[in-house]
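Counting starts at 1 for both ligands and their atoms, following the listed order. The figures that follow rest on heavy atoms only: side chains count, while hydrogens, waters and symmetry mates do not. Keep in mind it's a predicted model, so treat the numbers as computed, not measured.
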Amino acid sequence: MLYPLSYWGKAGGLYPQAPMSLLSDLSRRFGDAYEAVGLDRAVGEVVPSQRPDLAQYQNNGAMGAAKATGRAPREIAEAVLGAIEDRAPFDELSIAGPGFVNITLADNYLVAFVNVMEDDPRLGVPMPAEPQTVIVDYGGPNMSKALHVGHLRAAIIGESLKRLFRFLGHDVYGDIHMGDWGLPVGQLIIELERRNPDLPYFDVSFEGPYPDESPVTLDDLSEMYPAVVARCKDDPEEAERARQATFELQQERPGYRALWKHFHDTSVAGQRKDFDSLGVEFDLYWGESTVQGRLGAMIGRLLEDGVAEESHGALIVTVTEPDDAREVPPLLLTRSDGSALYSTTDLATVEARIEELGATEILYVVDNRQSLHFEQVFRAARKAGIAPKTVTLEHVAFGTVNGPDGKPFKTREGGVLQLEDLIALVTDAARSRLAEADIAQEYPPQERERIATQVGLAALKFGDLSNHRTSNYVFDLDRFTSFEGKTGPYLQYGSVRMQSILRNARERGLDPGSILVPVNGEERGLMLRLVRLPDVLARAAAMRAPNVLTEYAYELVGDFNRFYDANHILSETDSERQASWLSLVDLVLRTLVRLLSLLGIEVPQRM
Ligand code: ARG
């Protein structure tokens with residue numbers, strides 16, 4: 001992203017007037033220089049140096065320009081450096097090897113960015129040039145299910161992406177997209193009828209009103225569901241009955257609709273409690289059923305436009321493309337009885353999100369086993385003109401949580417671990433860790449318990465998010481809860497230390513002041529890390545990868561520790577220097593707390 005010069009003040013063009021990325025400012029300056037010598041400004045891109053011992057940043061554009069022009073790269077690099085008129089931002093510009101430009105910044109240029117960051121509630125992160133309306137579709141449990149470990153990653157990754165896009169300044173909706181309209185509901189209906197045939201919901205002559213109270217609890221539903229799924233698998237007649245019930249529900253049979261409402265409300269209440277305890281919050285509780293009113297018209301239009309066609313009584317949308325390496329089967333739009341499927345409601349949901357919410361990016365945080373489903377839905381949405389090219393549709397896929405045996409995580413008894421039990425497990429582990437490390441032991445029991453919960457969730461979330469989402473990872477409670485190494489608890493502890501430094505300073509009546517140029521390499525290193533924030537967030541968003549944030553947060557705390565060991569803040573006799581350091585600590589703390597919050601991790605005030 002390049003910024004207009006008007007962002008710059010008159011004082012030698014050194015001081016950013018508005019939050020901006022230092023890297024993009026450097027790239028702009030180099031881009032101008034390449035352009036001035038008649039070359040493509042795009043090769044002016046500046047990147048952090050691969051040899052931090054030699055330089056802070058580098059530009060490798062001369063190599064690319066040499067290929068394009070047939071000139072020698074060193075000669076190009078020299079010409080470009082000659083074309084950089086404003087030298088104020090640089091302490092040193094040199095050419096290395098075949099034609100790399102090594103860049104070392106002037107301290108007052110660097111510190112100008114640090115001060116803008118400190119003064120800005122958004123920590124120097126610029127607003128997007130083109131704000132998007134982003135839908136993050138995550139969580140996605142089916143009706144009837146208490147949440148379990150299989151729902152963990154969607155919830156944690158989706159929540160983090162939602163917070164990241166929102167912080168970057170986009171309009172964001174987190175939507176749960178509950179599975180509440182397809183076959184699972186039909187299956188639950190026939191299961192309840194089998195168990196309890198006398199309920200009025202099954203009596204077609206019953207004229208209502210139906211009971212207000214649900215005939216089932218979430219525990220009942222969770223137990224009924226796997227039972228009926230297994231039976232339908234073994235017994236084609238049962239499977240047929242479930243399909244029929246699904247169809248009748250979709251035709252609004254009153255008893256089924258009333259039952260559906262009970263199932264739905266019971267499920268949402270239970271699931272909401274689980275998501276709450278994870279710190280996961282949805283803006284929308286849309287489900288597959290939400291778009292039910294759109295299905296008829298959508299299907300009719302697809303038929304009319306020749307996008308959908310009949311095949312053995314069913315309706316399908318062919319989605320093959322000329323250069324497919326493997327066959328992509330057609331999307332099934334309706335079964336031969338006319339009932340809608342998972343793909344049908346997903347397609348109509350794309351339409352609803354664009355029409356009703358103005359979505360420009362829809363991100364589906366769903367495990368990688370559903371990649372074919374999304375490929376079909378996206379292709380059909382394009383083909384049908386439901387989603388124009390300007391709307392991004394993307395499956396943000398993720399891998400599984402494995403046990404030590406490398407297979408999907410199970411309880412000791414071989415069952416699926418419920419989310420509630422998982423949270424209890426990490427909280428227990430955090431509690432013992434705190435006791436072992438003698439942390440927070442003298443605090444009131446209530447506070448200690450709250451800290452244990454916060455540390456346990458931090459361990460869980462950081463352990464998950466620090467892996468690239470597409471890889472599977474091993475759930476290693478011991479490692480995740482450690483106060484050392486790349487873990488959530490380590491970073492929480494780091495933030496608590498910073499808070500206590502600032503508290504100490506306040507108690508001594510010391511005030512923070514404006515941030516001065518660094519006195520040593522440790523302080524400079526910390527500042528260089530801080531000013532990368534806008535680019536780090538942009539990269540995490542572009543890659544939909546929270547592990548970019550975990551990595552940066554860990555490095556930031558490491559740099560802070562080195563800075564803190566090298567400089568004795570509270571005993572410093574130069575009061576301006578001391579005030580500057582206090583502001584720097586405050587800025588690191590705010591940055592760290594923000595990063596952790598983007599990961600869904602809370603920070604205790606003391607530990
Ligand atoms: N309910 C689905 C399942 O349990 C996940 C929903 C994901 N979101 C979507 N738009 N299809 O597999």
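Under a cutoff of 6.0 Å and an axis angle of 45°, Arg272 and Tyr285 form a cation-pi pair. Cation-pi geometry between Arg122 and Phe167 is met: under 6.0 angstrom from the ring centre, within 45 degrees of the axis.
Nearest protein neighbour of atom 9 (C) of ligand 1, counting heavy atoms only, is His177 CD2, 3.4 Å.
Between Arg241 and Ile190, the shortest heavy-atom distance links the atoms O-CG2, 3.7 Å.
For Asp137, a nitrogen or oxygen atom sits less than 3.5 Å from a nitrogen or oxygen atom of ligand 1, counting backbone and side chain alike. By the 3.5 Å distance cut-off applied to N or O atoms, Arg353 is not counted among the residues near ligand 1. Residue Gly140 has at least one nitrogen or oxygen atom sitting less than 3.5 Å from a nitrogen or oxygen atom of ligand 1, judged on distance alone. Residue contacts with ligand 1: Gln370 is placed with a nitrogen or oxygen under 3.5 Å of a nitrogen or oxygen of the ligand (distance criterion only).
Interface atoms of ligand 1 facing Phe374, defined by a heavy-atom separation under 4.0 Å, are 9 (C), 11 (N). The contact set between ligand 1 and Asn142, taken as ligand atoms under 4.0 Å from a residue heavy atom, comprises 1 (N), 2 (C), 3 (C), 4 (O). Numbered from 1 in the order shown, with element, the atoms of ligand 1 that lie under 4.0 Å from a heavy atom of Tyr364 read 10 (N). Of all atoms in ligand 1, listed by their number and element, those nearer than 4.0 Å to a heavy atom of Val366 are 7 (C), 8 (N).
Within the 4.5 Å cutoff, side-chain heavy atoms of Phe475 are placed close to those of Leu460.
Residues Tyr210 and His262 have side chains that never bring a donor and an acceptor to within less than 3.5 angstrom of each other. Inspection of the Gln492 and Glu602 side chains reveals no N or O donor paired with an N or O acceptor under 3.5 Å.
Within 6.0 Å of atom CD in Glu420, 12 or fewer heavy atoms from other residues, nucleotides or ligands are found, so the atom counts as exposed in its surroundings.
At distances below 3.5 Å, not a single donor-acceptor pair connects side-chain atoms of Glu130 with backbone N or O atoms of Pro128.
Assignment of Tyr342 to the shell around ligand 1 is supported, since a heavy atom sits closer than 4.0 Å.
Neither the backbone nor the side chain of Thr349 comes within 4.0 Å of ligand 1, counting heavy atoms alone.
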